Peer 1: 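I have a structure I would like to understand better, so I am pasting it below and will then ask my questions one at a time.
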Amino acid sequence: MREHKFKDQLKIELRKLASKNLLRDMVEISSPQGSNVSIMGRNFLLFCSNNYLGLANHPDIIRASIEYAKRYGVGSGASRLISGTMTPHVELEEKLKKFLSAEKTLLFNSGYHANVGTISAIAQEGDTIFSDELNHASIIDGCRLSKAKCIIYPHRNVEVLENLMKKERKRNGKGKSIIVSESLFSMDGNIAPIVELVALKKRFGAVLILDEAHAFGVIGKGGKGVAEQNGVEREVDIKIGTLGKAFGCFGAFVVSDATTINFLMNKARSFIYTTSLPPPIVGAAIKAISLAEEAEDKRIQIRKNIEQIRGALSNLNGIKVENHIFTIIFGSSKQALMQAWKLFEKGIFAQSIRPPTVKPGTARIRFSITSEHKEEDIYFLTQSLFSIFN
């Protein structure tokens, strides 16, 4: 009886989600990730993948994965602090350190692991976190898991953030202040005011944590991110990146000074209590970093694609194309679903994004542009969007 009651409760919750157009399902792709993918035996243009540099199916990366599997096996066997630290993990951390001119790096199993583990370890009781209202769920959960007070500031609003920090310093002058922001916001495609955040960090003696997940590999010299592009990479205390987006692999990493990395190694629970990344994935990522660093032609192509879309959609109200992520906000979840389905019928796969991923009333379709999209792909997308709006 109890089991049936439990399942009945779940069914009720699922029905509630469905009634609000918030019920989710998965779309199965039966081909490698690329600009075109196969879904139910039909070819689709893919405009919702984070495979920005098209490396997820790169032959050199596939070969590297096979080589590392042959040399080190498939599984790592344990967590990093038991027997799970293998030579490939050390190699990749060294590779990332050189790539980002960092003092030290630490691998995590995903961007979610990295943000949750880092923020909940760094932010302690008596501290205050200042978090942008549109930060990723992994940042939000890291703040919630910490014992620190969390204050949410309006999206990219440095003036309000400064006033909040002033008030909090008067109220509590003992604990440290921590500013947390994405560099390129994953659901909006705009960029944090990083120079101003650095200025506030210096003024208040705060710790600045920057999630560069969607920027690394694409933005900045050699794909070194938003902080590097703005000349403040050495002013950011902790940077977080993933290997599953522009680098086309899997896993994540934290970049900081040796003291901070050693602290995280001993305190970040999502690092300590999980089996380490498989050697084939690590080997693939090592190769991917090398390819991404030299992939200026791909970054140029992304910028060309952005300009093509921006020019084509300039007459559509409410659409801003600033970076390789852009969105069209429809407001209601029902409308976002309907418009995404219209695109799907035309052969374009771009997912609707609904609450709680975004705020109520801001349901949207999120588009991501890669280096692999050709001029005719972009043209087909923009013409399809015009047909929806007309």
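Keep in mind that what you see is a predicted model, and the values were worked out from it rather than measured.
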Peer 1: Determine whether more than 12 heavy atoms belonging to other residues, nucleotides or ligands lie under 6.0 Å from atom NZ of Lys267.
Peer 2: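 Counting other residues, nucleotides and ligands, NZ of Lys267 stays at 12 neighbours or fewer.
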
Peer 1: Check whether any side-chain heavy atom of Gln351 lies under 4.5 Å from a side-chain heavy atom of Val27, and answer yes or no.
Peer 2: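 Of all side-chain heavy-atom pairs linking Val27 with Gln351, at least one is under 4.5 Å.
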
Peer 1: Centroid separation under 6.0 Å, is that true for the rings of His373 and Phe47?
Peer 2: yes

Peer 1: For Glu93, enumerate each residue passing the side-chain hydrogen bond (donor to acceptor under 3.5 Å, both in side chains) test, keeping only those at least two apart in sequence or located in another chain.
Peer 2: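 Expected list: Arg80.
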
Peer 1: Are Ser31 and Ser38 linked by a side-chain donor-acceptor pair shorter than 3.5 Å?
Peer 2: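 No pair is found: no donor N or O on one side chain lies under 3.5 Å from an acceptor on the other.
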
Peer 1: Does a donor on one side chain and an acceptor on the other come within less than 3.5 Å for Thr260 and Asp257?
Peer 2: yes

Peer 1: Please evaluate residues Glu235 and Lys202 with respect to the criterion salt bridge (Lys or Arg N to Asp or Glu O under 4.0 Å), reporting the C-alpha separation (whole Å), side-chain torsions for both, the decisive distance (0.1 Å), and the verdict.
Peer 2: CA-CA 9 Å; Glu235 306 297 336; Lys202 289 181 177 179; 3.6 Å; yes

Peer 1: Just do the side chain to side chain donor-acceptor pair (under 3.5 Å) check on Ser290 and Lys95 with the steps written out, would you?
Peer 2: CA-CA 8 Å; Ser290 295; Lys95 186 79 173 178; 2.5 Å; yes

Peer 1: Can Phe108 and Phe271 be said to form a ring-ring contact (aromatic ring centres under 6.0 Å, His included), step by step?
Peer 2: CA-CA 6 Å; Phe108 281 76; Phe271 170 82; 5.7 Å; yes

Peer 1: One thing to verify: whether Lys5 and Asp8 come together as a salt bridge, which I'm taking to mean a side-chain N less than 4.0 angstrom from a carboxylate O.
Peer 2: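 Salt bridge flag = no for Lys5 with Asp8.
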
Peer 1: Looking at Phe44, is Arg42 sitting on its ring face, NZ or CZ under 6.0 Å from the six-membered ring centre and within 45 degrees of the normal?
Peer 2: yes

Peer 1: Is the closest side-chain donor-acceptor distance between Asp377 and Tyr379 under 3.5 Å?
Peer 2: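 Per modelled atom types, Asp377 and Tyr379 side chains form no pair under 3.5 Å.
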
Peer 1: Given side chains that start at C-beta, do those of Met187 and Arg366 come closer than 4.5 Å, heavy atoms only?
Peer 2: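 Yes. Closest side-chain heavy atoms under 4.5 Å.
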
Peer 1: Checking the side chain of Ser276 only, and the main-chain atoms of Gly84 only, is there a donor and an acceptor separated by less than 3.5 Å?
Peer 2: yes

Peer 1: Can you confirm whether more than 12 heavy atoms, excluding those of Glu125, are under 6.0 Å from its CD atom?
Peer 2: no

Peer 1: Given the rule that I, L, V, M, F, W and Y join up when any side-chain heavy atoms are under 4.5 Å apart, are Phe250 and Ile286 in one cluster?
Peer 2: yes

Peer 1: May I ask you to say whether Arg303 pairs ionically with Glu296, meaning some side-chain N is under 4.0 Å from a carboxylate O?
Peer 2: yes

Peer 1: Taking Glu103 first and then Lys97, would you say they form a salt bridge - that is, a charged N and a carboxylate O separated by under 4.0 Å?
Peer 2: no

Peer 1: Kindly determine whether Glu168 and Lys149 satisfy salt bridge (Lys or Arg N to Asp or Glu O under 4.0 Å), including the steps that lead there.
Peer 2: CA-CA 10 Å; Glu168 188 61 21; Lys149 178 181 179 180; 3.1 Å; yes

Peer 1: Indicate whether the side chain of Asn305 and that of Lys374 have a donor and an acceptor atom separated by less than 3.5 Å.
Peer 2: no

Peer 1: Could Glu307 and Lys304 be called an ion pair, given the rule that one side-chain N must be under 4.0 Å from one carboxylate O?
Peer 2: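 Not counted as a salt bridge, because no side-chain N and carboxylate O are separated by less than 4.0 Å.
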
Peer 1: Which atom names give the shortest non-hydrogen contact between Glu28 and Ile39, and what distance separates them?
Peer 2: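 Taking Glu28 first and Ile39 second, the nearest heavy atoms are O-CG2, 3.7 Å.
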
Peer 1: I'd like to check Ser333 versus Leu22 (side-chain heavy atoms, cut-off strictly below 4.5 Å). Are they in contact?
Peer 2: yes

Peer 1: Side-chain donor-acceptor pair under 3.5 Å between Asn190 and Asn323, yes or no?
Peer 2: no

Peer 1: Could you tell me how the ring of Phe367 sits relative to the ring of Phe326: parallel (under 30°), tilted (30 to 60°) or perpendicular (over 60°)?
Peer 2: parallel

Peer 1: Under 6.0 Å between the ring centres of Tyr112 and His136?
Peer 2: no

Peer 1: What I'd like to find out is whether the side chain of Asn51 reaches to under 4.5 Å of the side chain of Lys245, using heavy atoms alone.
Peer 2: no

Peer 1: Are any non-hydrogen side-chain atoms of Glu372 and Lys298 less than 4.5 angstrom apart?
Peer 2: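 Contact flag for Glu372/Lys298 side chains = yes.
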
Peer 1: Classify the ring geometry of Phe253 against Phe247: parallel below 30°, tilted from 30° to 60°, perpendicular beyond 60°.
Peer 2: tilted

Peer 1: Examine Val321 and Val358 and state if one hydrophobic cluster contains both, with Ile, Leu, Val, Met, Phe, Trp and Tyr joined whenever side-chain heavy atoms are less than 4.5 Å apart.
Peer 2: no

Peer 1: CG/Leu337 to OG/Ser332 distance, rounded to the nearest 0.5 angstrom?
Peer 2: 8.5 Å

Peer 1: Are more than 12 heavy atoms, taken from residues, nucleotides or ligands other than Glu159, located less than 6.0 Å from that residue's CD atom?
Peer 2: no

Peer 1: For the salt bridge (Lys or Arg N to Asp or Glu O under 4.0 Å) test, which of Lys320, Lys359, Arg364 pairs with Asp188?
Peer 2: Arg364

Peer 1: Looking at every heavy atom in both Gly73 and Pro280, which two are closest together, and how far apart are they?
Peer 2: O-CD, 3.4 Å

Peer 1: If we ignore angles and hydrogens, is there a donor and acceptor under 3.5 Å between the side chains of Tyr68 and Glu91?
Peer 2: yes

Peer 1: So, do Val37 and Leu45 sit near enough that their side-chain heavy atoms are less than 4.5 Å apart?
Peer 2: no

Peer 1: In terms of side-chain heavy atoms, does Glu13 have a donor or acceptor partner in Gln9 at a distance below 3.5 Å?
Peer 2: no

Peer 1: Side chains of Ser76 and His89, heavy atoms from C-beta outward: is any pair under 4.5 Å?
Peer 2: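 They are in contact (side-chain heavy atoms under 4.5 Å apart), so the answer is yes.
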
Peer 1: If you count every heavy atom of other residues, nucleotides or ligands that lies below 6.0 Å from Glu375 atom CD, does the total exceed 12?
Peer 2: no

Peer 1: Return yes when atom CZ of Arg269 has more than 12 non-hydrogen atoms of other residues, nucleotides or ligands closer than 6.0 Å, and no otherwise.
Peer 2: no

Peer 1: Between Glu67 and Lys70, does at least one N-O distance fall below 4.0 Å, as a salt bridge requires?
Peer 2: no

Peer 1: Is there side-chain contact between Glu212 and Lys239, with heavy atoms separated by less than 4.5 Å?
Peer 2: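 Contact flag for Glu212/Lys239 side chains = yes.
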
Peer 1: Are Val180 and Phe185 in one and the same hydrophobic cluster, where Ile, Leu, Val, Met, Phe, Trp and Tyr link if side-chain heavy atoms are under 4.5 Å apart?
Peer 2: no

Peer 1: To the nearest 0.5 Å, what is the distance between CD1 (Ile329) and CD (Gln335)?
Peer 2: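 Taking CD1 in Ile329 and CD in Gln335, the distance rounds to 14.0 Å.
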
Peer 1: State, without any angle test, whether His214 and Tyr52 hold a side-chain donor-acceptor pair at a distance under 3.5 Å.
Peer 2: yes

